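Beneath this line is the structure, given in structure tokens, with notes to follow.
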There are 2 protein chains.
Amino acid sequence: MADLLSVAKLAGVSRATASRTFATPERVSPATRRKVEDAATQLAFRPNKVARQLRARATKMIGVMVPSLNNPVFAEQLHAMEVAAREADYSLIVTTSDYDPSREQAIVDEMLSQRVDGLALTVAIAHDSAVLATLKRESTPCLLVYNPLHPGGLPAIGVDNRAAMAEATRHLIALGHRHIGMVAGPLLQSDRARLRYAGYRQAMREHGLAPQPLIEMPRHTQAELACLAPLLAGHNRLTAVLCTNDLLAISLIGELQRAKFSVPGDLSVMGFDGIDLGQRLYPSLCSMEQPRIEIGRAAIATLLAMIQGQSPPLPFLPHALREGESVGAPPATRQALTPRSPERNTP
Amino acid sequence: MADLLSVAKLAGVSRATASRTFATPERVSPATRRKVEDAATQLAFRPNKVARQLRARATKMIGVMVPSLNNPVFAEQLHAMEVAAREADYSLIVTTSDYDPSREQAIVDEMLSQRVDGLALTVAIAHDSAVLATLKRESTPCLLVYNPLHPGGLPAIGVDNRAAMAEATRHLIALGHRHIGMVAGPLLQSDRARLRYAGYRQAMREHGLAPQPLIEMPRHTQAELACLAPLLAGHNRLTAVLCTNDLLAISLIGELQRAKFSVPGDLSVMGFDGIDLGQRLYPSLCSMEQPRIEIGRAAIATLLAMIQGQSPPLPFLPHALREGESVGAPPATRQALTPRSPERNTP
DNA sequence: CGCCCTCATGAGATCGATCTCATCGATCAC
DNA sequence: GTGATCGATGAGATCGATCTCATGAGGGCG
């Protein structure tokens, strides 16, 4: 309510002196400082950041756009960003896009109008995003989070999705699985899902195994057993599936158990993301962990460096296999002590 | 980058006319409008919201403070707020407090300095919060979310925690449970947890049952079986527990299953919050649902009304029992067909 | 005693958009 | 033809803090 001018008047000094009292107290005589501080207290003075931002041509705000907050991956990352930003005295403007390109565009426009000092964006598909093309022409530092590097040269931070999923696949292969499927949301609508599928195929081929066609679920984070059930019976039935994200995996496990399948007895299920919750379930979720906290923190640190004109290196952040009870040896291996092969074993 | 003045110059008009071209195009002649629009396109003009905010003495921003984003209750509510705010052309500044009072204070100060038009806060304990005492004196509209009504008169939005938990308790009693416990995080550190415990005790007494002492877990959203195990054996062993939140319940179920307890066979577990994920698990989580989406939406709507000087009514929002597989009849009832009472049945 | 330097302070411009009020030309009614 | 009205436009103030530069008082030193 009260502004600097009223404080200055009450203290009997000029605006400049009042301003200095807060910005550079050592340049104000102790007596004057005291008067100004008293006046400020008396009037419950609160500096107006908007005015400061206008004058400084900098807002100390970072715009963050994530697809959704209902997926803990993004919520956890955002939490880390918020903490890191506040440590550096920055605030976050947070928006969600639901992967809708028109919303993405509107959000970015809005944030640029708001004169955020930097942008941290997670878009659906980076390489053909109209928004990003626009952004290249802007001078506001912009960092992609989770997305792969953008051909237009926008920096990106995240794990090597392809390598990570290949590694996850190899984990299952090493356990003896041969019939491994991959479960995803509709249309592989994010570039990460595509890279993960590529990693899966690569690892399968490396081992002379046939990559299976993608098993698409109608929703991104919710499994429908009907889409998978046909593949769980018969000669070449799946013994393990990889899911493109943890929520999908968790929901799939729930559906399987409700239908009296055993996990991992009948089917091993592996996730991707490593959200906290996965470890608390039974069976605990085996997953390929993205360092969400570290990604959030590093994103802010990188953006701050970019704001100061540097262009810090952006290696992939390390993914890590998180063991879990949802993955085990395939039924075939368990019966390997008997002479009969699993195919013949099942009528 | 480019400002209105450069656009005006390029178009050969005054700032005022350029400004009008965007604000009230009908008051500018078509020819001039065209010239200004061309100039704006050519210079990639983006209006500077900071300047507008300073002049308008309003930011169209709402400050949101939640304890954490790692709990889906808050993440889901925030998601709803973000959508509702954007529809009304408002942005959100989002911060997390981890229930730390000093952080709460710093955050609120920061947001007031930022001149947000309204505040939506979720604090640990509303009735003795220093922050809220400060806020009463400010003119910025402020709404408590999830917290109970504040004695100082700050409006609040959420469910009737006490009634909701009483209802949850009655649900278990109706199923035949008599030995019902309540599991909470450390120290009942939030006012909601306290009200829920009160609701539990009330319902127990109503039915002539003895409320059990609170079972405190060392962490707010993660269960440790050791704290509960002693109560699961013996004559008066618990047949059901209520948890103060869903994450705690989910983690408890995981721990129980890992220790080969059956849920709900050996112990019924009920949550509170109704987060989406609960329904996807097996057993699905029985919970008392808080309408998180509706709370988020209503919070924004209420704040917008308050910003316009109204003081809309704030009834409790309705909670709803969500059935789930994690709750069933107590073992005693299952054996009720045999003549022996459950107490004597167990050596 | 005079010169210079330092320190505290104030006057005024500035950031970029918007709002009020004045102006000017044109149209219209009488 | 002349005053009134209306529409389009511009000049200038304003929002609140900060920055630059100028001023003036006081101290140190030759």
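The figures that follow rest on heavy atoms only: side chains count, while hydrogens, waters and symmetry mates do not. Residue numbering restarts at 1 for every chain, and letters A, B, ... go by the order of the sequence lines. Please read these numbers as outputs of a predicted model, since none were measured by experiment.
Contacts of B/Asn71 classified as side-chain hydrogen bond (donor to acceptor under 3.5 Å, both in side chains), with partners at least two apart in sequence or in another chain: none. Shown here are the side-chain contact (heavy atoms from CB on, under 4.5 Å) partners of A/Ser139, two or more places apart in sequence or in another chain: B/Met1. Here A/Gln114 pairs with B/Gln53 under the side-chain hydrogen bond (donor to acceptor under 3.5 Å, both in side chains) rule; sequence neighbours left out. Here B/Thr59 pairs with B/Asp117 under the side-chain hydrogen bond (donor to acceptor under 3.5 Å, both in side chains) rule; sequence neighbours left out. Applying the side-chain hydrogen bond (donor to acceptor under 3.5 Å, both in side chains) criterion to A/Arg297, with sequence neighbours excluded, gives A/Glu294.
Sorted by first then second residue, the ring pair (Phe, Tyr, Trp, His ring centres under 6.0 Å) pairs that include residues 5-59 of chain A, not counting sequence neighbours, are A/Phe22-A/Phe45. Sequence neighbours left out, the pairs with a member in residues 57-104 of chain A that pass ring pair (Phe, Tyr, Trp, His ring centres under 6.0 Å) are A/Phe74-A/Tyr146. The salt bridge (charged side-chain N to carboxylate O under 4.0 Å, His left out) analysis of residues 94-107 of chain A, with sequence neighbours excluded, yields the pairs A/Asp98-A/Arg103.
Proximity of residues 36-48 of chain B to DNA chain D (heavy atom under 4.0 angstrom from any strand atom) is not detected for any residue.
In the helix from C/dC1-D/dG30 to C/dC30-D/dG1, the rotation axis of the first five pairs and that of the last five pairs differ in direction by 50°, rounded to 10 degrees.
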Show the atom names and distances, to 0.1 Å, of all donor-acceptor pairs under 3.5 Å that link a side chain in residues 150-159 of chain A to residues at least two apart or in another chain.
| from | atom 1 | to | atom 2 | distance (Å) |
| --- | --- | --- | --- | --- |
| A/His150 | ND1 | A/Gly152 | N | 3.2 |
| A/His150 | NE2 | A/Ala126 | O | 3.4 |

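Closest approach of A/Ile107 and A/Thr96 over heavy atoms only: CD1-O, 3.4 Å.
Chain A approaches DNA chain C within less than 4.0 angstrom (heavy atoms of the protein), and the contacting nucleotides run 5' to 3' from C/dA8 to C/dG16.
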